[in-house]
Structures are given as structure tokens and as C-alpha cells.
Visitor: 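Sharing a structure, written as C-alpha cells. Questions coming.
Only a predicted model underlies this, so the values are computations on that prediction, with no experimental measurement involved.
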Amino acid sequence: MSANLQMPLEYPDSESDGFLLMLGYDATWTHRFCGPNLTDGGECPNCAKPLLHVASLNTGDRRISLDAFGTGFVPLLYCWRCNLKLDFLTYRVDCPSNRIELLAYADGNADGEVYPDYPDSFPEAPAYLVRYAAVAPRSQKEGIGHHDRYCDDPRAADHRVRGPMFATQESEFPTCISCGREMAFLAAIGDMNLDPRGFTKNIGVRTYYFDCPACRIITAYHDCD
């Protein structure tokens with residue numbers, strides 16, 4: 001994954017802390033966490049099963065600057081069943097038609113499932129965003145790991161949208177394969193969900209998502225502390 005990479009930009013400290021993705025309803029904008037993959041074109045090309053639907057972000061929530069994708073939801077997808085997870089997963093999103101087009105991924109199905117009886121989807125929940133700065137003391141804004149204690153819902157403790165990456169390893173920002181510009185950090189999703197096994201049974205795993213709104217492209221990869 002070292003090709004076509006740039007180091008992350010520096011972020012100012014005031015309005016760029018980003019948001020926590022919390023489970024529950026919001027009076028204004030509701031997002032989706034887990035549940036079935038409902039996107040057209042959302043099948044894994046390696047294992048011929050639905051790509052895992054990790055979350056969907058509502059483009060109407062102007063705080064996270066996804067309106068260029070069109071009206072609807074930007075799906076955050078991945079696959080833990082095959083070699084797709086070994087390199088960048090890149091896809092184009094058409095929100096109004098709820099369709100994605102796979103653009104780049106790692107071939108091969110030799111890696112197998114993470115654990116036996118791995119599901120096609122995990123239990124769904126509505127989700128909303130709360131500003132990170134509103135719930136996390138300043139002393140916890142550097143190097144946050146999977147052991148976060150500031151969040152009321154531990155299953156959402158390390159699911160973040162926008163702001164800094166807080167990466168567990170050296171951060172890498174991909175460049176857009178269409179226009180060549182550095183992509184923006186969109187989300188970091190930890191291992192916890194409403195299934196007690198989690199996505200991988202490894203609480204140190206995070207999946208990172210980046211976006212190029214101009215090209216309507218998402219790129220994802222994971223790391224583990």
C-alpha cells in the first residue's frame with residue numbers, strides 16, 4: 001500500500017476535532033451503522049458475497065461536507081473474507097441511485113474468513129454524530145486508542161467521522177486515483193459493533209475511509225495497533 005501515498009496534512013485545533021459516530025437517533029440527521037449492504041454493485045469481486053456494510057453517512061448532514069456526492073447516503077464498505085483487505089479498496093459512489101462502482105482492490109480469495117460463521121451483515125442501528133470536542137477532554141485528544149473511556153456507548157467509542165485520523169500506526173493519506181489529489185479523511189471505524197465478536201475479534205483493528213468529493217470516490221484500508 002505504499003504506492004501513491006502522501007503523509008497527512010496538519011489540522012488546526014479549533015473546529016477540526018471531528019465527530020464521534022454514536023448509536024441512536026438524532027432529531028436532524030440520522031446515519032446508519034451496520035445492517036445489510038443495500039447498494040447496487042456492492043458485491044465483493046473475490047468471494048461473490050456482499051461487501052460488508054460498515055456504515056452509511058447521510059449527505060444531508062452538512063457538517064461533514066458530503067453534499068457533492070448527491071442526495072442520499074455514502075456507504076462505507078469493506079470485506080474481511082478475502083484478499084481484498086490486503087490493499088486499498090476504492091470505489092465510486094452515486095448516492096441518488098444508491099450505486100457503487102469498484103475501481104481498485106486486491107485480487108484473490110485465499111485468505112478466508114476472519115472467524116467461523118462470519119455473517120453477511122452485522123446488527124443494524126441508527127447513528128448520529130456528536131462533536132468530539134464536546135465529550136472528550138483536551139488531554140485525550142492525542143493518541144487515542146481502542147481503550148477510550150470518555151464515550152457513553154463503548155461500542156461507538158472509536159468510530160469517528162472527519163477531524164484528525166488518530167491513527168494507531170503511521171498515518172497514510174491516499175491520493176485519488178481519478179484526479180491525483182490528496183483525499184480527505186472521512187472516517188475511522190473500530191472493531192466494535194452490536195455483535196459481541198466485533199468485525200474481526202480484534203479490538204485493535206480500525207478501518208479508515210477517505211473521500212474525494214469532486215470525483216465521488218471513497219478509498220479504504222485498515223491497520224491494527
Side-chain angles (χ1 to χ4, degrees), residues 1-21 29 31 39-42 44-45 51-79 83-107 129 131-133 141-142 158-190 206-223:
M1 293 192 299
S2 58
N4 204 34
L5 291 176
Q6 298 179 9
M7 295 308 296
L9 301 174
E10 293 295 325
Y11 286 86
D13 188 53
S14 57
E15 297 299 323
S16 60
D17 289 314
F19 302 87
L20 294 178
L21 184 67
W29 301 111
H31 306 271
T39 57
D40 187 10
C44 178
L51 289 168
L52 183 67
H53 174 248
V54 177
S56 284
L57 300 178
N58 193 328
T59 63
D61 192 337
R62 297 297 180 87
R63 298 172 297 173
I64 54 176
S65 303
L66 291 175
D67 47 301
F69 282 88
T71 302
F73 290 81
V74 173
L76 306 184
L77 306 173
Y78 211 60
C79 187
N83 288 349
L84 182 143
K85 62 180 177 289
L86 301 182
D87 207 338
F88 292 126
L89 167 64
T90 300
Y91 52 94
R92 193 186 309 274
V93 178
D94 182 9
C95 287
S97 66
N98 193 33
R99 180 175 178 79
I100 69 160
E101 175 191 2
L102 291 174
L103 302 177
Y105 55 89
D107 290 318
L129 301 179
R131 187 169 289 281
Y132 182 79
K141 289 182 183 177
E142 297 294 336
D158 58 351
H159 305 322
R160 297 186 177 84
V161 178
R162 295 301 192 200
M165 282 183 65
F166 294 127
T168 55
Q169 298 182 10
E170 185 178 6
S171 303
E172 297 177 326
F173 277 32
T175 55
C176 177
I177 66 172
S178 180
C179 69
R181 290 179 290 187
E182 183 184 70
M183 302 181 80
F185 169 67
L186 176 57
I189 305 297
R206 280 187 182 79
T207 307
Y208 297 100
Y209 294 87
F210 304 82
D211 69 319
C212 178
C215 300
R216 296 180 289 110
I217 287 176
I218 300 293
T219 289
Y221 71 90
H222 77 276
D223 76 6

Visitor: I need the minimum non-hydrogen distance between P96 and F69, along with the two atoms involved.
Guide: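 In this case the closest contact between P96 and F69 is CD-O, 3.8 Å.
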
Visitor: Step by step, work out the side-chain contact (heavy atoms from CB on, under 4.5 Å) result for V74 and D211.
Guide: CA-CA 10 Å; V74 173; D211 69 319; over 6 Å; no

Visitor: Between I217 and C176, which heavy-atom pair has the shortest distance, and what is it?
Guide: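 That would be CD1-SG, 3.9 Å.
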
Visitor: Is H159 reaching over with its side chain to a backbone N or O of I189, donor-acceptor style, under 3.5 angstrom?
Guide: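 Judged by distance alone, no pair lies under 3.5 Å.
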
Visitor: In Å, rounded to the nearest 0.5 Å, how long is the span from CZ of R216 to CD of E101?
Guide: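 Atom-to-atom, R216:CZ and E101:CD are 9.0 Å apart.
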
Visitor: Keeping the roles fixed (side chain from R162, backbone from F185), state whether a donor-acceptor pair exists under 3.5 Å.
Guide: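 Confirmed, R162 side chain pairs with F185 backbone.
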
Visitor: Verify, without hydrogens or angle tests, whether R92 (side chain) and C215 (backbone) share a donor-acceptor contact under 3.5 angstrom.
Guide: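 Yes; judged by distance alone, with no hydrogens or angles, the pair exists.
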
Visitor: For side-chain contact (heavy atoms from CB on, under 4.5 Å), just list the numbers for L66 and L186, CA-CA rounded to whole Å, side-chain angles, deciding distance to a tenth of an Å, and then say yes or no.
Guide: CA-CA 9 Å; L66 291 175; L186 176 57; 4.0 Å; yes

Visitor: In Å and rounded to the nearest 0.5 Å, what is the OG1 to OH distance from T90 to Y105?
Guide: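 Result: 12.0 Å between the selected atoms.
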
Visitor: State, to 0.1 Å, how close H222 and K85 come at their nearest heavy-atom pair, and which atoms those are.
Guide: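 Taking H222 first and K85 second, the nearest heavy atoms are CE1-O, 3.2 Å.
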
Visitor: If you measure from CD1 on I64 to NE2 on H31, what distance do you get to the nearest 0.5 Å?
Guide: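 One finds 4.5 Å between CD1 of I64 and NE2 of H31.
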
Visitor: Can you name the closest pair of heavy atoms from A55 and L21 and give their distance?
Guide: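 In terms of heavy atoms, the two residues are closest at CB-CD2, 4.3 Å.
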
Visitor: SG of C95 to CD1 of I100: how many Å apart, nearest 0.5 Å?
Guide: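 Reported to 0.5 Å precision, the distance equals 11.0 Å.
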
Visitor: Roughly how far apart are L77 CG and Y209 OH, rounded to 0.5 Å?
Guide: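 If we round to the nearest 0.5 Å, L77:CG and Y209:OH are 6.5 Å apart.
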
Visitor: Between L76 and T207, is a side-chain contact (heavy atoms from CB on, under 4.5 Å) present by the stated rule, with each step listed?
Guide: CA-CA 10 Å; L76 306 184; T207 307; over 6 Å; no

Visitor: Between R181 and A214, which heavy-atom pair has the shortest distance, and what is it?
Guide: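 Minimum heavy-atom contact is NH2-CB, 3.1 Å.
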
Visitor: Any sub-3.5 Å donor-acceptor pair from Y208's side-chain atoms to T219's backbone N or O?
Guide: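 Not a single qualifying donor-acceptor pair exists.
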
Visitor: At what distance, to the nearest 0.5 angstrom, does CG of L103 lie from CD1 of I177?
Guide: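 So the gap between those two atoms works out to 4.5 Å.
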
Visitor: Taking all atoms of both residues into account, what is the closest heavy-atom pair of R160 and L20, and its distance?
Guide: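 Of all heavy-atom pairs spanning R160 and L20, the closest is CG-CD2, 3.8 Å.
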
Visitor: Show the numbers, then the answer: is there a side-chain contact (heavy atoms from CB on, under 4.5 Å) between C212 and S178?
Guide: CA-CA 9 Å; C212 178; S178 180; over 6 Å; no

Visitor: Backbone N or O of G72 within a donor-acceptor pair of the T59 side chain at under 3.5 Å?
Guide: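 Yes; at least one donor-acceptor contact below 3.5 Å.
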
Visitor: Do F73 and N58 have side chains that get closer than 4.5 Å, going by heavy atoms?
Guide: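 Touching, per the 4.5 Å side-chain cut-off.
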
